[in-house]
Structures are given as structure tokens and as C-alpha cells.
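Source: prediction; values computed, not measured. Counting from 1, the numbers follow the sequence of the chain as shown. Heavy atoms only: backbone and side chains are in, while hydrogens, waters and symmetry mates are out.
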Amino acid sequence: MSNHELLAQLMAQAAVQGADLATLRAMAEEIGELAAERALARLGLDDPAAARDMDELRQLMRAWRDARKSAWRAAVGWVARVLGTVTLAGLAVRFGIEELPK
């Protein structure tokens, strides 16, 4: 019996017999499962390969984050080196050191 059929049966039972707590809980559970299946289908994740696809996406996102972090570190390192070089050049000019020692 599919989720659609089971939900229809539970709704009919609730209409005929009244909705007791067990029927309401069963309906809520079936509605939740049906909604989850629909959401996964809309996202294209309702096939057997979906778990593998999600794992690959997680790995890709992890690699992207690592690359972004490395790029920021490299950029900050270069900025620090340039600032250090400019500072040293400014100090050299300030103190009159015009030629580099050989």
C-alpha cells in the first residue's frame, strides 16, 4: 500500500469513526513522510544515487571552503609582505640610506 493510499484510508477512517489520538498520530506521520518524499522529488533527490550525490556535494563544498580559506591566507600574506617592504623602503629613505650594501 502506497503512502497516498494509506493516507486516504486514514482520512476516511477519521471521517467515519471520529479522529482518535492514534488515528491523528498515524495521519501526521503519513503526511510527514508524503511531504518529505515530495520535497525530495522536487529537489531531484528521490533516486537511489541521491545519497552518493549528496556525499559528493558535501566533499565539493568542503574543498571550496578549504580553497577559499587558503586564498585568503595567501592574500593576507602578500599584503603583509608588501606593507613590510614599503615600510622598510620608507625607513631607508627617511634615514638617508640610498645605496644598498654590496
Side-chain angles (χ1 to χ4, degrees):
M1 177 179 297
S2 73
N3 285 344
H4 298 284
E5 294 168 350
L6 183 57
L7 184 57
Q9 180 183 358
L10 288 169
M11 289 175 67
Q13 179 183 346
V16 172
Q17 299 175 355
D20 62 344
L21 184 59
T23 303
L24 289 175
R25 283 186 179 170
M27 285 177 59
E29 184 177 330
E30 291 302 318
I31 289 169
E33 286 182 21
L34 190 61
E37 287 175 5
R38 284 184 184 173
L40 289 173
R42 287 182 184 157
L43 292 172
L45 297 173
D46 58 341
D47 61 339
R52 184 174 46 91
D53 293 343
M54 291 302 295
D55 288 340
E56 289 175 1
L57 282 172
R58 284 188 187 102
Q59 289 175 0
L60 182 62
M61 288 301 298
R62 201 172 305 121
W64 166 251
R65 288 182 186 122
D66 290 344
R68 189 176 56 190
K69 188 186 301 183
S70 295
W72 273 108
R73 285 183 182 166
V76 168
W78 277 101
V79 168
R81 286 184 193 104
V82 167
L83 288 175
T85 303
V86 169
T87 302
L88 287 175
L91 288 172
V93 170
R94 172 97 171 155
F95 293 117
I97 304 172
E98 295 177 7
E99 290 185 27
L100 292 175
K102 293 183 181 182

Can you list the other members of the hydrophobic cluster that holds Val86, where links are side-chain heavy atoms under 4.5 angstrom apart? Val82
Which atom names give the shortest non-hydrogen contact between Ala50 and Leu45, and what distance separates them? CB-O, 3.4 Å
Students should find that the hydrophobic cluster of Val76, defined by side-chain heavy atoms under 4.5 Å apart, otherwise consists of none
Residue pairs meeting salt bridge (Lys or Arg N to Asp or Glu O under 4.0 Å), one or both in residues 70-97, sequence neighbours left out, come to none
Side-chain cluster (under 4.5 Å, hydrophobic types only) that Phe95 belongs to, other residues: Leu91
For Leu83, the hydrophobic cluster (side chain heavy atoms closer than 4.5 Å, chained through members) also holds Val79
Check residues 53-68 and write down every donor-acceptor pair under 3.5 Å in which the side-chain atom is one partner and the other belongs to a residue at least two apart or another chain.
from	atom 1	to	atom 2	distance (Å)
Asp55	OD1	Arg58	NH1	3.4

